[in-house]
Every structure is written in structure tokens, then in C-alpha cells.
Amino acid sequence: MLLLKSRPEILFHKGVDPPKDLVKNDDWTNGSEQNFLLTPIQTFYENTNIFVTGGTGFLGVLLIEKLLISCPGISKIYMLLRTKKGKAVQSRLDELLEDDVNIVFHCAATVRFNETLRKACFINVRGVREVVKLAHQMPNLKSFIHVSTAYSNCIHNFIKEEIYPPPIDYNKLLNVVEALPDDALEIITH
């Protein structure tokens, strides 16, 4: 395990004692610096740069908050946002790739039940494909985490911790969605 020289308030909420197994010295409240053992998760994230999609969404905000509170050794967190103030997405991505990203969290998705099939596929399928392509360009990538929607595999009564085969190849699905007009897609979904 890695040792971190830090004051307790950096690792723990004020007023909450750190777990005894993480404190090397029982007298941690005297204001001096103490040695704390990092958890395996904190060790994994130590000195990493993280890229998050969907960072302004419900799960993304919670994820970033948890990372900031629980993993003080993270170097940088990047968030991919839509075009803003005239700055194109490609320009923002080019700047991002100049730095070394180590971890990607892909949380962006639509979970609207009334979304058109085309829009849902572009966001939830093509979006994943494009972020994976982007991740392949990151030479120091250690981990890619895809946070799926809450409704994945909803056809199953019990969902196990395993990868299920897709009902259709994602490329075939995108080809169909891109080829058919909106009225045909509307008929298919109803």
C-alpha cells in the first residue's frame, strides 16, 4: 500500500474520525501531519487524469463529487461538454488530447422513454462508439468505465454481473437508424 502524508481533514469529512485501520498513529488530532494508508481505490486513482462525459448530468455530478471527496490524489478531471461560447467540441477535444488522460468515465446518455429511436441510438450507441474511439487515442489510458443506463437488460427478470450478448450488432443498428426515414422508425418503435 502507498503512504500519503496528509492532514486528516483532506481525506475525511470534518468531525468524522478516520477508520482506525487507515491511521498509522493513534494521536491524529494533534494538528501535525500523519501518515495515512491509501485504500486500493485511492491508490489506483493517485496521480491520474480523468475524462468524464455526462459530468453535468445526474450520475456525472455524483461521480465527480465522489471522486473529489474520496480520491485526493487525482491530478485532473476533464469534462466533455457541448459546444459553448463559440468553441467547437473538436477544438476542446484537441486540447484535451494534448494532456495525458489516464481514466475515462463515460456517463452521458439519454434515458427519456419518449425519445425518438434515431436520437436515442445516436446518443446511447453512437456516442459510446465515438468516446471509445477517442479513448484509443489516449496513450496513457489505464481504464475506461462505461456507466450504462438504468434500463439496460430490462428484458431480464434478474440481471447478473456479466456481459450479455446484444440483441443486434451496434453497427447494424446504427446503419438501420441512419438509413430509414423518421416515419419508418416511428412505425418500428410502436
Student: From the options Val128, Leu134, Ile145, Val147, select the one residue that forms a side-chain contact (heavy atoms from CB on, under 4.5 Å) with His106.
Tutor: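 Output: one option passes, namely Val128.
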
Student: Let me confirm one number: the NZ-OG1 distance from Lys76 to Thr48, rounded to the nearest 0.5 Å.
Tutor: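 The NZ atom of Lys76 sits 11.5 Å away from the OG1 atom of Thr48.
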
Student: Could you check whether atom CD1 of Ile159 has more than 12 heavy atoms from other residues, nucleotides or ligands sitting under 6.0 Å from it?
Tutor: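 Yes, because the 6.0 Å sphere around CD1 of Ile159 holds more than 12 heavy atoms from other groups.
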
Student: Under the salt bridge (charged side-chain N to carboxylate O under 4.0 Å, His left out) rule, collect the residues that match up with Lys133, sequence neighbours excluded.
Tutor: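 Once residues adjacent in sequence are excluded, the partners of Lys133 under the salt bridge (charged side-chain N to carboxylate O under 4.0 Å, His left out) criterion are Glu130.
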
Student: What distance separates Ile103 CD1 from Leu141 CG, expressed to the nearest 0.5 Å?
Tutor: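 It is 8.5 Å, given to the nearest 0.5 Å.
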
Student: Return the set of residues passing salt bridge (charged side-chain N to carboxylate O under 4.0 Å, His left out) with Glu178 (not counting sequence neighbours), or none when no residue passes.
Tutor: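 So Glu178 forms a salt bridge (charged side-chain N to carboxylate O under 4.0 Å, His left out) with Arg126.
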
Student: Is there a side-chain contact between Val131 and Phe144 in this structure, where contact means two heavy atoms from C-beta onward sitting under 4.5 Å apart?
Tutor: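 SC-SC contact between Val131 and Phe144 confirmed.
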
Student: Where do Cys107 and Leu63 come nearest, in terms of heavy atoms and distance?
Tutor: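 Distance-wise, the nearest heavy atoms are SG-CD2, 3.7 Å.
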
Student: Holding to side-chain contact (heavy atoms from CB on, under 4.5 Å), I want the full list of residues that pass it with Asn114, two or more places apart in sequence or in another chain.
Tutor: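 Asn114 satisfies side-chain contact (heavy atoms from CB on, under 4.5 Å) with Arg112 once adjacent residues are dropped.
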
Student: With heavy-atom distances below 4.5 Å as the criterion, would you say the side chains of Asn49 and Phe51 are in contact?
Tutor: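 No, their side chains stay 4.5 Å or more apart.
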
Student: Please name all residues satisfying side-chain hydrogen bond (donor to acceptor under 3.5 Å, both in side chains) with Asn140, sequence neighbours left out, ordered by chain then number.
Tutor: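 In terms of side-chain hydrogen bond (donor to acceptor under 3.5 Å, both in side chains), with neighbours along the sequence ignored, Asn140 is linked to Asp100.
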
Student: Can you list the residues that meet the side-chain contact (heavy atoms from CB on, under 4.5 Å) rule with Leu180, with sequence neighbours excluded?
Tutor: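 In terms of side-chain contact (heavy atoms from CB on, under 4.5 Å), with neighbours along the sequence ignored, Leu180 is linked to Val176, Ala184, Leu185, Ile188.
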
Student: Name all residues meeting the side-chain contact (heavy atoms from CB on, under 4.5 Å) criterion together with Asp183; count only those two or more places apart in sequence or in a different chain, and write none if there are none.
Tutor: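 With sequence neighbours excluded, Asp183 shows a side-chain contact (heavy atoms from CB on, under 4.5 Å) to Pro181, given in chain and number order.
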
Student: For Lys142, which residues count as a salt bridge (charged side-chain N to carboxylate O under 4.0 Å, His left out) partner, sequence neighbours excluded?
Tutor: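 For Lys142, no residue satisfies salt bridge (charged side-chain N to carboxylate O under 4.0 Å, His left out) once neighbours in sequence are set aside.
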
Student: Which pair of non-hydrogen atoms, one from Ile41 and one from Cys71, has the smallest distance, and what is that distance?
Tutor: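 Result for this residue pair: CG2-SG, 4.2 Å.
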
Student: Just verifying a value: how many Å separate Tyr45 OH and Leu38 CG, rounded to the nearest 0.5 Å?
Tutor: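 That separation rounds to 14.0 Å.
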
Student: Apply side-chain contact (heavy atoms from CB on, under 4.5 Å) to Met79 and Ile64, showing your working.
Tutor: CA-CA 10 Å; Met79 291 175 42; Ile64 291 169; 3.4 Å; yes

Student: Of all the heavy-atom pairs spanning Cys121 and Leu174, show the shortest one and how long it is.
Tutor: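 Shortest heavy-atom contact: O-CD2, 3.9 Å.
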
Student: Looking at every heavy atom in both Glu186 and Thr189, which two are closest together, and how far apart are they?
Tutor: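 Closest pair (atom of Glu186, atom of Thr189, distance): O-OG1, 3.1 Å.
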
Student: Can you tell me which residue pairs pass the ring-ring contact (aromatic ring centres under 6.0 Å, His included) test with a partner in residues 153-174, sequence neighbours excluded?
Tutor: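 Applying ring-ring contact (aromatic ring centres under 6.0 Å, His included) to every pair that reaches into residues 153-174, excluding sequence neighbours, yields His156-Tyr164.
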
Student: OH/Tyr78 to CD1/Ile50 distance, rounded to the nearest 0.5 angstrom?
Tutor: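 If I round to the nearest 0.5 Å, the distance is 11.0 Å.
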
Student: Group every Ile, Leu, Val, Met, Phe, Trp and Tyr by side-chain heavy-atom contacts under 4.5 Å, then state whether Ile187 and Leu117 land in the same group.
Tutor: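 Different hydrophobic clusters.
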
Student: Roughly how far, to the nearest 0.5 Å, is the CD1 atom of Ile74 from the CZ atom of Phe44?
Tutor: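 Taking CZ in Phe44 and CD1 in Ile74, the distance rounds to 10.5 Å.
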
Student: Could you list the residues that satisfy side-chain contact (heavy atoms from CB on, under 4.5 Å) with Leu62, not counting sequence neighbours?
Tutor: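 side-chain contact (heavy atoms from CB on, under 4.5 Å) list for Leu62, sorted by chain: Phe58, Glu65.
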
Student: Does Asp182 have any side-chain hydrogen bond (donor to acceptor under 3.5 Å, both in side chains) partners at least two apart in sequence or in another chain, and if so, which?
Tutor: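 Testing Asp182 for side-chain hydrogen bond (donor to acceptor under 3.5 Å, both in side chains), a comparison that skips the adjacent residues, returns Arg118.
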
Student: Of all the heavy-atom pairs spanning Thr110 and Ile123, show the shortest one and how long it is.
Tutor: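 Looks like N-CG2, 3.6 Å.
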
Student: Take atom CD in Glu162; do more than 12 heavy atoms of anything else shown fall under 6.0 Å from it?
Tutor: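 More than 12 within 6.0 Å, yes.
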
